[in-house]
Structures are given as C-alpha cells and as structure tokens.
Amino acid sequence: MPALLSVLASLSLIDFFNILFILLIFYVLRFYIDYFARENPLPGPFPLPLIGSLYQAQGEMKHWENWYLHLHKKYGDIFEVWFGPTRKIFLSKSGLIEKLAAKSTKSNFLLRYSSGSYKGLEHYANPRRGMFFNGNISHWRSTRKVIDNLLMSPNYQRETLKKSQIYFAEMEEYWKLLRNDNALLLSAWAKNFLTDLMYDLNVGRRCYFMVKYFNSLANSGKKEIPTEELNFCNDHEQATSVIGEALIFFFTSPELVWRYLFAHRTQRYIQSRETWHRSYEKFIHQRLDQRAQSGYDSKLKPDALNLLLDLKEESALNNKDNGGDNYRMDEEDIRDSLQEIMNASASTTAGVFGYIIEYIGRIPGVKEQVEKEIRDHASSKTNTINIEEFAQFKYIEAVIYEVLRVRSAFMIERTNTQEETIGGYKWKPGTKFCVNIQPIHFNPDIWHDPNEFRPERFLNREIKNPKTYLSFGLGLRSCPGRLVGITILKAMTVLLYRKYNVELLDTDMPIKYQNKFANACIGARVKLTPKK
Ligand code: HEM
C-alpha cells in the first residue's frame, strides 16, 4: 500500500488523465465486446457505454409509454433495450408472454428483479424484504399470502368503501371552505385523500395529508396539525417525491455512476428513505405496545400492520420459518411491506383517478352515461352507499377499466429462474423481460377499434382473451390491490358525480401526466358546482 501511494504521489496531472483515458478505453472495449458477443442478438436502439440506449429517449419519448410504442413500430414484437449496462428484452405480443402469465407456483417467472441483478437498487431497497422488490421467491410468497388474504377479503372491501365515503365527506368540507367556485386540481386532492385513506386502512393511523394540502391553498381558516404529524407528512412527502427518480437512477446506472460519480445523489435518496423508515419503525413499536397492553386477546383490527405482526409472532411461537432457508419475518420486513403497500397504492390510484376525470370530461357521451347510471342507482345525493348498491355501477366500473387499458400505470418486468425458450430463442436464467403493454392493449386482433375510448367493451364482454388485459400485471405476481384500487376509484367517481356538476378545465390542452417509475395523471383541473 505505501508503495502504491508513493507511485500515485509521483504522478503528474497528465499521467493521471492518461491513466483515466486508458481505463475508459478498456471500459468501452469491454462493453462492446460483451455487446457483440451477447446471446440472441435482437434489433433495438444501439447502446452507448454507461447510459445504454436511453440517450434516444428525448422530448415526447421521455414518457416511457410513447418510447416503447415507437420502438415496437420500428423493431417489431420482440426487441432489446439497454438501460445503462442492463439489457432488457421487450415482448409486445400476447403470444410471447404466455409463460410469464402462467399462474403456477412452479413458474420460472415469479421474480420481478432477481437478487444481485441491480446492485444499486439493492443498496436502496432490500431485495429479501417486502413484496415489490423481493428477489427471494419463498420470502415473497409468505408475505404475499397474508397480504392477498387481507386485500381480497370482502371485509376489507366493505371497510374500504365505508372509509372512502368518510374521507370523501371530509375532503368536501375543505372544498366548501375554499369556495366551490374555485378551480380544484383533482389529481392532487386524490393523492392526499388516498394517502390519508391508505394509512388509516393499513396502519390504523389518522393522518393529515388532506389538511396539509388544504392549508397550502387556504388564505384563511387554516387547520391545526400536531407538530409530530406535520413532520411525518413532510418526511412521507419528501421520501415519496424522490422514489420514482431514485428507482430510475438505480435501475439505469452502473455501479461506477451510483457509487462514485453520483455518490451524493445516492446518499440523498438513501437518507430520505431512512428518515421514512424511522417513522414506520415508530408505528410498529406503538402497535406492539398496544397489543401487549390489550393482552393480545382483544379483537385486533385486521389491518395490514396487525396481520403482518401476527405472521411474525406465529413464526416465532411455532419456531417456524416463514419462507424456507431459516427465514423468519422480522420488523424490517413488516416495515418494508407496509411502505410498499403505501407506495404502490396511493399515488398509483390517484394518478388513475386524474385520468378518469379527464376521459369522462373529454370523450363525448361518457359523462352523460356516468350521470345517468348514478341517477338510476343512487337513491340520494348524500346517503351512505352500501356494497350492494355499489355493485350496480357497472358502467362506471367499465370506464375505469377502459382508462386503465389506454393508460397503464406500470411497466411489467420479470426475470427467469431457469433456462426458457421465448420467441424461438433460448434464454439463460437471469434474463430480464419487459412486457410492452401498450402494443398489446392497442392490438386490433385482440380489441375492436382499439384506438376508440369505448367503456362498453368491458360491459359487452368483447375482449377476445382476458389474459391480454395487463393493467394489473400478470401471473401470481400481479397486483394484490386491484380490487381495493377499483373500489376506491369507483367510490370517488360515484361520490363526485352524484353531488356535483363537474366542469373539466384545460380541455384545449393535452392531458398533463408524468411518467417516472409509474404513469400518473397530474391534471384534472375542474370547477365543481353542487347539483340542485
Ligand atoms: C388502480 C390502481 C392500481 C394499479 C393500476 C396497480 C397496478 C399494479 C401493477 C401493474 C403491478 C405490477 C404487477 C406485475 O408485475 O405483474 C402492481 C403491483 C403491486 N401492487 Fe398494485 N396497482 C394499483 C393499486 C394498488 C393498491 C390499492 C395496492 C395496495 C393496497 C397495490 C399493491 C401492490 C403491490 C404490493 C404490488 C407488488 C406485488 C408483488 O410483487 O407481489 N396496488 N400493481
């Protein structure tokens, strides 16, 4: 070591740059040797070292869905894209995704991201915890079973419907105070509404996101928020506002970039996540105290936090593994699972709600049908809607499905655990596949008039193959919150249009949206007038 240091100290600046230059040449050579020797070369945008093919996604193409549609037109049903140093195979035809869609525990496509394949991401999100990023199938399965049982249960749907109405009424109070003749940005209201609602449903906490948003808009009559709660809102907002860009950064950057060249950025992302972790750890400890004080025998509310704690205790009591290889669920696992539920639910569902309002307001005839259905099935403008009445709103449900067909929220990714043949090529384990949803959702062989916005297609069962509807993903790893998401979106739509004339503003402009990790509408500016 001292010898190396003395050699380094003797170098001039020019020597130093020469060495850097030689290293760079080696890096570039290595990248292209690997590139030209890759298995099954496919067409796709030519990659550059460090940044891969992403330099081609400029202007409108920065929105992933536009870029992938464009690439499909140019390169066909199967092509490759390099995300920094990582090669991904894009599948744009239903025949190519059948193996990925298999609902079998023996499927070779149960992994979204395999452990070890994105080192940067693993620095940010533990790949053996929670659900979304979990790269260990048996660990993922044990958590997923509990969450499926919770989110899919009729009780949880009832609770979701009941609480949606309570929080919606609270939101209306803020609108009243802001005066209804002012324009409201419904995508932003929906995000705060959903964050309050999801914290209540899953962690049993009363939060103040709507209040905080109201305070930011109100000139007077601002509401008090306890300091600790305000700090929590700030931490949550800070952490969630950078999640999308952090994920893209870690997915697309080689180690040289995230560990060294942009180390401060990596640090910033990790810090905001850690602050958020601390809040969740506090919730978990508070709940553990409550459970201990209640003697564990009182009826515990079946929210996600209690069920995950039950699972942890069950494994400890029975000295049982939760997922093989001596794995036991721990508090970190509970924390990460809860955070993922919050991440995957609130802003995704709010982004979809914005699109719903935009499409209802823009496509001729849709608003009239929505309002007619509400007149036919909602007996009053203010009564609580029960689950049986709720089932009647079939057209509104069809509108939601159609919105999700034309504007899917996430990209679907899988990694094979065994060698597999797809598209006539053999792929070794660890290959990364992306399902290119847009070309499948707009394929005229599957959908009649795919470019038309026509909710009726979901009423008339026109879909030739339901497996080609991919808005909630596919196979066993598809979205566990789909029923909850639809329930909330339907409730919000019914509650809004039953009581208000909704005038959509900005219709002379394209719909505003952002497409970071998830695709979300950030528009839906409206004027509301209460119905007589
Ligand atoms: C309309 C709203 C929603 C849409 C469009 C949506 C869509 C999706 C999609 C496309 C995936 C990836 C599936 C795949 O890779 O095959 C996903 C995963 C997931 N979603 Fe949702 N989601 C929504 C609402 C929710 C809600 C309300 C929750 C929770 C209450 C939730 C929890 C999750 C979780 C935990 C995962 C990861 C599942 C796993 O890896 O096992 N989502 N979602």
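Whatever order the structure lists ligands and atoms in, that order sets their numbers, starting from 1. Scope of the values below: all heavy atoms of this structure, side chains included, with no hydrogens, waters or symmetry mates.
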With a heavy-atom distance limit of 4.0 Å, tell me whether [X] approaches ligand 1 through its side chain, its backbone, both, or neither.
X      : answer
Ser471 : backbone
Phe132 : both
Arg482 : neither
Leu474 : backbone
Leu470 : neither

What are the atoms of ligand 1, with element, lying closer than 4.0 Å to any heavy atom of [X]?
X      : answer
Trp140 : 39 (C), 40 (O), 41 (O)
Phe410 : 7 (C), 8 (C), 9 (C), 10 (C), 11 (C), 43 (N)
Met131 : 35 (C), 40 (O)
Leu404 : 5 (C)
Ala344 : 20 (N), 24 (C), 25 (C), 31 (C), 32 (C), 33 (C), 34 (C), 42 (N)
Arg144 : 38 (C), 39 (C), 41 (O)
Ile412 : 15 (O), 16 (O)

| So is Arg205 actually on top of Phe232's ring, under 6.0 Å and inside 45° of the axis? | yes

| Checking Arg454 against Trp447: charged group under 6.0 Å from the ring centre and within 45 degrees of the axis? |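 Because its charged atom misses either the 6.0 Å distance or the 45° angle limit, Arg454 does not stack over Trp447.
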
Protein heavy atom at shortest distance from [atom]:
atom                    : result
atom 4 (C) of ligand 1  : Phe472 CE2, 3.4 Å
atom 34 (C) of ligand 1 : Pro480 CD, 3.5 Å
atom 40 (O) of ligand 1 : Arg112 NH1, 2.8 Å
atom 42 (N) of ligand 1 : Cys479 SG, 3.0 Å
atom 13 (C) of ligand 1 : Arg477 O, 3.5 Å
atom 27 (C) of ligand 1 : Ser345 CB, 3.4 Å
atom 30 (C) of ligand 1 : Met198 CE, 3.5 Å
atom 16 (O) of ligand 1 : Arg414 NH2, 2.6 Å

| field | Within 6.0 angstrom of Lys512 NZ, more than 12 heavy atoms from elsewhere | value |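 It does not: Lys512 NZ has 12 such atoms or fewer within range.
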
| field | Glu172 versus Tyr500, side-chain donor and acceptor atoms under 3.5 Å | value |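 Side chains of Tyr500 and Glu172: pair found under 3.5 Å.
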
| message | So that I can tick it off, tell me whether Glu413 and Lys432 are bridged by a salt bridge, with the cut-off set at under 4.0 angstrom between side-chain N and carboxylate O. | response | no

